[in-house]
Chemist: 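Pasting a structure below so you can have a look.
Fair warning: this is a prediction, and the values are worked out from it, not measured in the lab.
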Amino acid sequence: MTLDAAYLRGSMAAILSVLQHSSCPENVIFHFVASSSSSANIDYLNLKLATSFPYLHFTIYPFRDSPVAGLISTSIRAALDCPLNYARNYLPDLLPQCIQKVVYLDSDLVLVDDITKLAATPLGEEAVLAAPEYCNANFTTYFTPTFWSNPSLSLTFANRKPCYFNTGVMVIDLERWRDGDYTTKIVEWMELQKRMRIYELGSLPPFLLVFAGNIAPVDHKWNQHGLGGDNFRGLCRDLHPGPVSLLHWSGKGKPWVRLDASRPCPLDALWAPYDLLQTPYVLES
């Protein structure tokens, strides 16, 4: 997970949910990535985690966000333009070489199932990552007419059956990523975006360009996403049909903001029990 002061409340809830629903929480190791622009920031995050979760196995890895900032193009929502939002592109370089596989999670979600099951997702013989796919979504809307009208660009998806997937929940084989130098591939698309606008939505489209159509499937119950509403109005959303293992408040509206404003959506009540800021006794119960 990435970690910063602005989303720390969400991160703490996510951590608690992972621990509470894990059959062996002592075996769960957390790898956090935080901006290195301020050593005081990392010291603060270290202290906050250590005091809130005294037995947590974790490491915080510093992320140099200044080089990444020059690659970012403005998107439809300012929060999506934060350099730390792009740290997932560099995980294989940030984490030690001995770590071969990780589960990447956003900070605006909670689990209601054992993360070990998600971590055990088979990647097959070639897939670099696994995630729930949503093939009913209109894939073309994630890229501009400039992209689709340029044959040399649109042919990127030739011989692939690309589907939308949400990058907030992914199982990643870091070893295969390193072998295929996929960070370079993602960065090249970001560099092209700076020269000609080929997409609108933050850090997601480069992942789609590189991986869509070539990922291992994950059951949709592992990412009930969109609970934050759309990126403009943040309207309340309902759960998708079917079972639920992970609730994800992707979108504009975050549950802690709506709860503080006394304007929660109905599903925010499912996030509230993991909110350590409001319920500090949860760890002791």
Chemist: CG of Leu192 to CG of Leu209: how many Å apart, nearest 0.5 Å?
Modeler: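 Between atom CG of Leu192 and atom CG of Leu209 there are 9.0 Å.
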Chemist: Any carboxylate oxygen within less than 4.0 angstrom of a Lys/Arg side-chain nitrogen, looking at Arg233 and Asp230?
Modeler: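 So Arg233 pairs with Asp230 through a salt bridge.
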Chemist: Would you find a donor on one side and an acceptor on the other, under 3.5 Å apart, between the side chain of Trp177 and the backbone of Ile172?
Modeler: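 A pair under 3.5 Å: no.
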Chemist: Working to the nearest 0.5 angstrom, can you tell me the gap between Leu123 CG and Lys101 NZ?
Modeler: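 These two atoms lie 5.0 Å from each other.
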Chemist: Determine whether the aromatic ring centres of Phe157 and Phe139 lie less than 6.0 Å apart.
Modeler: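 When the ring centroids of Phe157 and Phe139 are compared, they turn out to be within the sub-6.0 Å range.
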Chemist: For the aromatic rings, using the six-membered ring if either is Trp, is the centroid distance between Tyr274 and Trp256 under 6.0 Å?
Modeler: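 Here the rings of Trp256 and Tyr274 have centres that are no less than 6.0 Å from each other.
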Chemist: Would you call Asp260 and Arg9 a salt bridge, using N to O less than 4.0 angstrom?
Modeler: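 Arg9 and Asp260: salt-bridged.
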Chemist: I need the Tyr104 OH to Met1 CE distance, nearest 0.5 Å.
Modeler: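 That separation rounds to 8.0 Å.
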Chemist: Examine distances only and state if a side-chain atom of Glu133 and a backbone atom of Phe165 form a donor-acceptor pair shorter than 3.5 Å.
Modeler: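 The answer is no, because no donor-acceptor pair under 3.5 Å joins these two groups.
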Chemist: So which heavy atom on Ala127 is nearest to which on Ala216, and how close?
Modeler: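 Where Ala127 meets Ala216 most closely, the heavy atoms are CB-N, 3.9 Å.
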Chemist: State the NE2-NZ distance between His21 and Lys117, to the nearest 0.5 angstrom.
Modeler: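 With rounding to 0.5 Å, NE2 (His21) is 11.0 Å from NZ (Lys117).
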Chemist: Quick check: closest heavy atoms across Thr121 and Pro217, and the distance to 0.1 Å?
Modeler: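 In this case the closest contact between Thr121 and Pro217 is CG2-O, 3.9 Å.
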Chemist: Any chain of hydrophobic side-chain contacts (each under 4.5 Å) joining Val102 to Ile29?
Modeler: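 No, separate clusters.
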